[in-house]
Q: 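One structure is given below, represented as structure tokens, and several questions about it will come after.
Positions are given from 1 along the sequence. For the numbers below, each heavy atom of this structure counts, side chains included, while hydrogens, waters and symmetry mates do not.
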Amino acid sequence: MARGSENIPNTLATEIMRQFGSETLTRFMRSLPAFKPDPELPRSLLDLLGRLDEEEGSQSHPRRR
């Protein structure tokens, strides 16, 4: 294996993680019905999902500094 190709998997993984963390992709995924909670879920589960969203939004994202 050539010396320069050792870094390709790390570079690819970094790029994938960067794209998954992008605001554009996050906004797009939130618009898809498959990523929305079922309105028939018990209220307690919907409340927990809401709290999870709040926590994720309040923490600083290490890749976005």
Q: Going by the rule side chain to side chain contact (heavy atoms under 4.5 Å, CB included), which residues pair with Ser31 if we only count those two or more places apart in sequence or in a different chain?
A: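 Partners of Ser31 under the side chain to side chain contact (heavy atoms under 4.5 Å, CB included) test: Phe28.
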Q: In a table with atom names and distances, give each donor-acceptor pair under 3.5 Å that connects a side chain of residues 38-47 to protein atoms at least two apart or in another chain.
A:
{"from": "Asp38", "atom 1": "OD1", "to": "Glu40", "atom 2": "N", "distance (Å)": "3.0"}
{"from": "Arg43", "atom 1": "NE", "to": "Asp47", "atom 2": "OD1", "distance (Å)": "3.2"}
{"from": "Arg43", "atom 1": "NH2", "to": "Asp47", "atom 2": "OD1", "distance (Å)": "3.0"}

Q: Suppose we screen for side chain to side chain contact (heavy atoms under 4.5 Å, CB included). Which residues come up paired with Gln19, at least two apart in sequence or across chains?
A: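 Scan of Gln19 (side chain to side chain contact (heavy atoms under 4.5 Å, CB included), adjacent residues dropped) gives Glu15.
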Q: Enter the distance from Leu25:CG to Arg18:CZ here, rounded to the nearest 0.5 Å.
A: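 The distance works out to 11.0 Å.
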